[in-house]
Amino acid sequence: MARDTVTIINNATGQEIEIPLQRGTHGPDVVDISQLYPKLGIFTYDNGFKSTASCKSGITYIDGEEGILLYRGYPIEQLAEKSDYLEVCYLLYYGELPTKEQYSTFVTTILHHSMINESLRHFYGGFYPTAHPMSIMVGVVGALSAFYHDSLEIDNPRHQEISAHRLIAKLPNIAAASYKHSIGQPMVYPQNKMSYAENFLHMMFSVPAEEYVVNPLHAKAIDLLFILHADHEQNASTSTVRLAGSSEANPFAAVSAGIGALWGPAHGGANEAVIDMLEEINDARQIPKFIDRAKDKNDNFRLMGFGHRVYKNYDPRAKIIRTMAHDLLKNSSGNDPLLEIAMKLEEIALQDEYFIQRKLYPNVDFYSGIIYKAMGVPTNMFTVLFAIARTIGWITQWREMISSKDRVIGRPRQLYVGPATREYVPMGQRG
Ligand code: ACO
């Protein structure tokens with residue numbers, strides 16, 4: 001038997017197949033089980049994809065055991081320190097860091113496509129003022145496909161690129177408009193002279209009645225958080241984008257599906273849930289009670305912002321923004337009591353046997369929510385900011401999927417456990 005193979009034997013029939021292992025650049029080897037059903041007549045079952053690679057990808061690499069995150073091979077720590085969000089967008093989409101000229105052209109393209117069609121702005125009026133901004137995002141981003149018929153050929157690389165530029169450029173505007181609608185303020189047009197992060201803050205917080213000056217520390221924090229959230233390989237929302245896109249739906253529809261998947265508290269909604277939890281704890285003396293609740297199997301309560309499906313070590317992104325959270329709070333007036341509760345909670349949880357044994361460390365959302373709160377971003381906008389940052393990841397992964405030579409519609413199978421075949425009983429004869 002060759003060393004780089006796995007043999008699978010169906011003991012019920014005695015049939016066996018030898019499958020070669022596939023080796024990536026980093027990470028565990030992969031068994032290609034696509035011949036399992038044709039040759040052995042069996043499926044695999046992997047609830048939640050815990051042992052299943054759903055695609056081949058050259059974009060992002062995570063080593064959850066070691067706490068490593070690479071974008072196109074570059075460690076997240078280096079990008080966070082030396083790069084900016086739009087350069088990271090370029091890197092993710094095109095695969096290489098840009099030259100000075102490429103960077104400048106890319107930034108100009110993005111900053112000059114930030115306006116949205118005026119007809120699209122009318123969509124907002126149809127949403128109830130109390131609508132969650134994520135519900136508006138799902139609707140409005142999906143609706144972009146109604147405006148750009150000129151560039152929706154999914155196999156045309158130039159059309160793919162134009163759609164990517166439009167999504168990256170317009171998401172901050174769409175997001176800020178969803179916030180403005182929810183608070184009854186006029187939507188603010190983008191300013192091309194501002195950076196991507198400054199522009200977003202301007203569209204979020206300025207009003208026509210007075211001058212708004214962007215706080216440079218806030219712009220820096222937004223840019224950093226956007227870098228950290230830009231991509232995270234095959235998570236729930238990205239897999240949703242790939243699956244929706246695999247049916248050859250247009251990229252706006254696929255990204256809109258991804259936004260829906262991001263919304264849940266087990267994924268992008270966690271930073272919002274972290275603040276709700278910290279507010280519920282309210283007083284550091286209450287922490288032990290909440291830790292006990294998190295450990296109690298009869299209680300559904302979980303410590304929000306702790307644990308990660310992939311990281312069984314400190315989330316490297318959490319390490320980076322932990323420092324940013326401190327810098328930001330040092331420069332804001334007074335100490336935020338929620339940050340103090342958060343720090344204490346982190347300290348206690350990291351020493352607790354339950355959390356140590358299960359390798360439950362604070363994740364990126366534990367700190368991002370606190371940073372957003374310190375900047376005055378309302379809680380219901382946290383996941384929306386995540387969606388802006390992740391758009392580059394989604395569109396890059398979509399492009400990789402759609403351009404793959406072995407592209408195929410994603411169609412999982414199942415283990416059927418419902419009733420066996422039975423005869424229809426007419427209504428009058430049912431007991
Ligand atoms: N608080 C308390 N216990 C927890 C927590 C938590 N936050 N997370 C996991 N556990 C426990 C589970 O009860 C389980 O215990 P058991 O082995 O005794 O049954 C064990 O740890 C393993 O948990 P799983 O749910 O199997 O781990 P999984 O990898 O499936 O879940 C998840 C990961 C969903 C992120 C989970 O840790 C969680 O719900 N965390 C809180 C929500 C959160 O912060 N989500 C953000 C994810 S990051 C992101 O999307 C950017």
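Keep in mind that this is a model prediction, so the values were computed, not measured. Sequential numbering from 1 along the given sequence is applied to the chain's residues. Atoms within each ligand, like the ligands themselves, are counted from 1 in listed order.
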> Judging by distance only, is a nitrogen or oxygen of Arg317 under 3.5 angstrom from one on ligand 1?
Replying inline: no
> Just distances here: any N/O of Phe306 and N/O of ligand 1 closer than 3.5 Å?
Replying inline: yes
> What atoms of ligand 1 come closer than 4.0 angstrom to any heavy atom of Ala270?
Replying inline: 43 (C), 44 (O), 45 (N), 46 (C)
I need the contact type for [X] against ligand 1. Using non-hydrogen atoms and a strict under-4.0 Å cut-off, is it side chain, backbone, both or neither?
X      : answer
Arg358 : side chain
Asn235 : neither
Val274 : neither
Arg293 : neither
Phe366 : neither
Lys297 : side chain

Tell me, which protein residue and heavy-atom name are nearest [atom], and how many Å apart are they?
atom                    : answer
atom 32 (C) of ligand 1 : Arg302 NH1, 4.3 Å
atom 4 (C) of ligand 1  : Leu360 CD1, 3.5 Å
atom 28 (P) of ligand 1 : Arg309 NE, 3.6 Å
atom 48 (S) of ligand 1 : His308 CD2, 3.4 Å
atom 1 (N) of ligand 1  : Leu303 N, 3.1 Å
atom 27 (O) of ligand 1 : Lys312 NZ, 4.6 Å

> Is the ring centre of Tyr103 less than 6.0 Å from the ring centre of Tyr90?
Replying inline: no
>> Between His202 (side chain only) and Glu198 (backbone N and O only), is there a donor and an acceptor less than 3.5 Å apart?
In response: no
> Between Asn192 (side chain) and His112 (backbone), is there a donor-acceptor pair under 3.5 Å?
Replying inline: no
